[in-house]
Participant: 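One structure is given below, represented as structure tokens, and several questions about it will come after.
Just so we're on the same page: letters track the sequence lines, and every chain starts at 1.
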Number of protein chains: 2
Amino acid sequence: MTLSTTKQGKPHLTPQRKADFFKALAHPTRLAIVEKLGENLEIHGGEQCVCVLLEMFEIDFSTISRHLAVLKNAGVVTSEKRGKNVYYRLACPCLMDIFYCLDGILDHQDET
Amino acid sequence: MTLSTTKQGKPHLTPQRKADFFKALAHPTRLAIVEKLGENLEIHGGEQCVCVLLEMFEIDFSTISRHLAVLKNAGVVTSEKRGKNVYYRLACPCLMDIFYCLDGILDHQDET
DNA sequence: ATGATATTTGGCTAAAATGACAAATGTTCT
DNA sequence: AGAACATTTGTCATTTTAGCCAAATATCAT
């Protein structure tokens, strides 16, 4: 998945860019990672060590690493290396608004 | 792409279900369709004939039809046949909130 | 420097998504 | 009934994604 950018390397708001963003969220594992990063935003912006994320799933750590790379390329998360560990956090806390929206939509559908 | 459902066939709010929803939005063509359906919501709920959607793209009509099926299976749109034509509309007008959210997020990123 | 720990990357296979063409279906009109 | 139109579905080729294992890289402790 390639992030669409302008000539200056600065991303812009094309349909492709939006689609890339949704695509990054279009996987249960990545979604779970994002929701985890959305918890406790008041503590270091909700950042989590990769090692913590690894414990959440029973899949190979290389696979998690790849999922994290997808999220990062799409601009959903950022990462920072400190010592032996790498910490990921949401690129924008307001990202959680999308989930509130979605929950509302899906709940509304389920009522029918 | 299969929509996750309960035994009663009623969808529930699993990570997979959310991921399916995002996956349906994770394509520029489908995104453009959804945004088109979000216009003029006050007129027949924003519904559009497939024939109108066909004119928006230079791809085969069978491909558009498949994209519409993906959106429908994910619960993003509903359809209704009237005469020779089929009309699609957003399953929930509030879906547009997601786009407002996303625009906000991406705009915010672009400022940096 | 060596070894232990944490994470990413290369290489591969299997599965899923995309898109085109042709054929099928359903509807209206004559 | 038959033709014309609108949309969907069958089938297939191509591309993309997901996941695993092994190897590479980076950092810390001894």
Participant: Taking any heavy-atom pair under 4.0 Å as a contact, classify S62(B): base, sugar-phosphate, or nothing.
Facilitator: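 Counting heavy atoms under 4.0 Å across all strands, the contact made by S62(B) includes a base.
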Participant: According to the interplanar angle, ranging from 0 to 90°, do the rings of H67(A) and H27(A) count as parallel (below 30°), tilted (30 to 60°) or perpendicular (above 60°)?
Facilitator: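 The rings of H67(A) and H27(A) sit tilted, inter-plane angle from 30° to 60°.
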Participant: Starting at atom CZ of F57(A), determine the distance to atom P of dA18(D), rounded to an integer number of angstrom.
Facilitator: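 Value for this atom pair: 13 Å.
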Participant: Of the nucleotides dC5(D), dT8(D), dT8(C), which one has an atom closest to the side chain of L68(A)?
Facilitator: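 Nearest to the side chain of L68(A) among the choices is dT8(C).
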Participant: Within the structure, does a side-chain N or O atom of N85(B) lie under 4.0 Å from either OP1 or OP2 of dT7(D)?
Facilitator: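 The answer is yes; a side-chain N or O of N85(B) sits under 4.0 Å from OP1 or OP2.
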Participant: Side chains of K72(B) and T78(B): donor-acceptor distance under 3.5 Å anywhere?
Facilitator: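 No, no side-chain donor-acceptor pair sits under 3.5 Å.
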Participant: Name the residue closer to the 5' end of DNA chain C, choosing between F61(B) and D60(A) according to the nucleotide with the nearest heavy atom.
Facilitator: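 It is D60(A) whose nearest nucleotide is closer to the 5' end.
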Participant: Rounding to an integer number of Å, can you tell me how far Q16(A) CD sits from dT18(C) C1'?
Facilitator: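 So the two atoms are 13 Å apart, to the nearest Å.
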Participant: Ignoring the backbone of K81(A), work out which of dT7(D), dT28(C), dA26(D) is nearest its side chain.
Facilitator: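 Given the options dT7(D), dT28(C), dA26(D), the side chain of K81(A) is closest to dA26(D).
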Participant: Taking the side chain of T63(B) as its heavy atoms from C-beta onward, which of dC5(D), dA20(C), dT7(C) lies nearest to it?
Facilitator: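 For T63(B), the side-chain atoms sit closest to dA20(C).
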Participant: Using atom OH of Y87(A) as one end and atom C1' of dA26(D) as the other, report the distance to the nearest whole Å.
Facilitator: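 Roughly 15 Å, once rounded to whole Å.
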Participant: Grab the CD-P distance between E80(B) and dT8(D) for me, whole Å please.
Facilitator: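 The answer, rounded to whole Å, is 13 Å.
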Participant: With distance as the sole test, does R30(A) use its side chain to make a donor-acceptor pair with the main-chain N or O of A24(A) at under 3.5 Å?
Facilitator: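 Checked: pair present.
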Participant: Which listed nucleotide (dT7(C), dC20(D), dA17(C)) is nearest to the side chain of L54(A)?
Facilitator: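 Among the listed nucleotides, the one closest to the side chain of L54(A) is dT7(C).
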Participant: Give a yes/no answer on whether the side chain of S65(A) brings an N or O atom under 4.0 Å of OP1 or OP2 in dT7(C).
Facilitator: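 Indeed not, no polar side-chain atom of S65(A) lies that close.
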Participant: Return the 5'-most residue of the pair R82(A), R66(A) with respect to DNA chain D, ranking by each residue's nearest nucleotide.
Facilitator: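 Nearest-nucleotide comparison on DNA chain D picks R66(A).
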Participant: Over how many whole Å does the gap from N73(A) atom CG to dT16(D) atom C1' extend?
Facilitator: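 Value for this atom pair: 15 Å.
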Participant: Does the side chain of K84(A) get closer than 4.0 angstrom to OP1 or OP2 of dA4(C) through an N or O atom?
Facilitator: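 False: K84(A) side-chain N/O out of range (4.0 Å or more) of dA4(C) OP1/OP2.
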Participant: Closer than 4.0 Å, any side-chain N/O of Y88(A) to the OP1 or OP2 of dA6(C)?
Facilitator: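 For dA6(C), OP1/OP2 do not have a side-chain N/O of Y88(A) under 4.0 Å.
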Participant: To the nearest Å, how far apart are I64(B) CD1 and dT7(D) P?
Facilitator: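 Going from CD1 in I64(B) over to P in dT7(D) covers 11 Å.
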Participant: Taking D60(A) for its side chain and S62(A) for its backbone only, find out whether a donor-acceptor pair lies under 3.5 Å.
Facilitator: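 Yes.
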Participant: Closer than 4.0 angstrom, basic N to acidic O: yes or no for E47(B) and K36(B)?
Facilitator: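 Here E47(B) does not pair with K36(B) in a salt bridge, since their nearest N and O are not under 4.0 Å apart.
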Participant: From dG19(C), dC20(D), dT7(C), pick the nucleotide closest to the side chain of H67(B)?
Facilitator: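 The nucleotide sitting nearest to the side chain is dG19(C).
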Participant: What pair of heavy atoms forms the shortest contact from I33(A) to L53(A), and how long is it?
Facilitator: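 Heavy-atom minimum between the residues: CG2-CD1, 4.2 Å.
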Participant: To the nearest angstrom, how far is H27(B) atom NE2 from dA16(C) atom C1'?
Facilitator: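 So the NE2-C1' distance, H27(B) to dA16(C), works out to 13 Å.
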Participant: Determine the contact category for I59(B): base if any of its heavy atoms lies under 4.0 Å from a base atom, sugar-phosphate if only primed atoms, P, OP1 or OP2 are that close, otherwise nothing.
Facilitator: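 Sugar-phosphate contact only.
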Participant: To the nearest Å, give me how far apart CG (L31(A)) and P (dA18(D)) are.
Facilitator: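 Roughly 13 Å, once rounded to whole Å.
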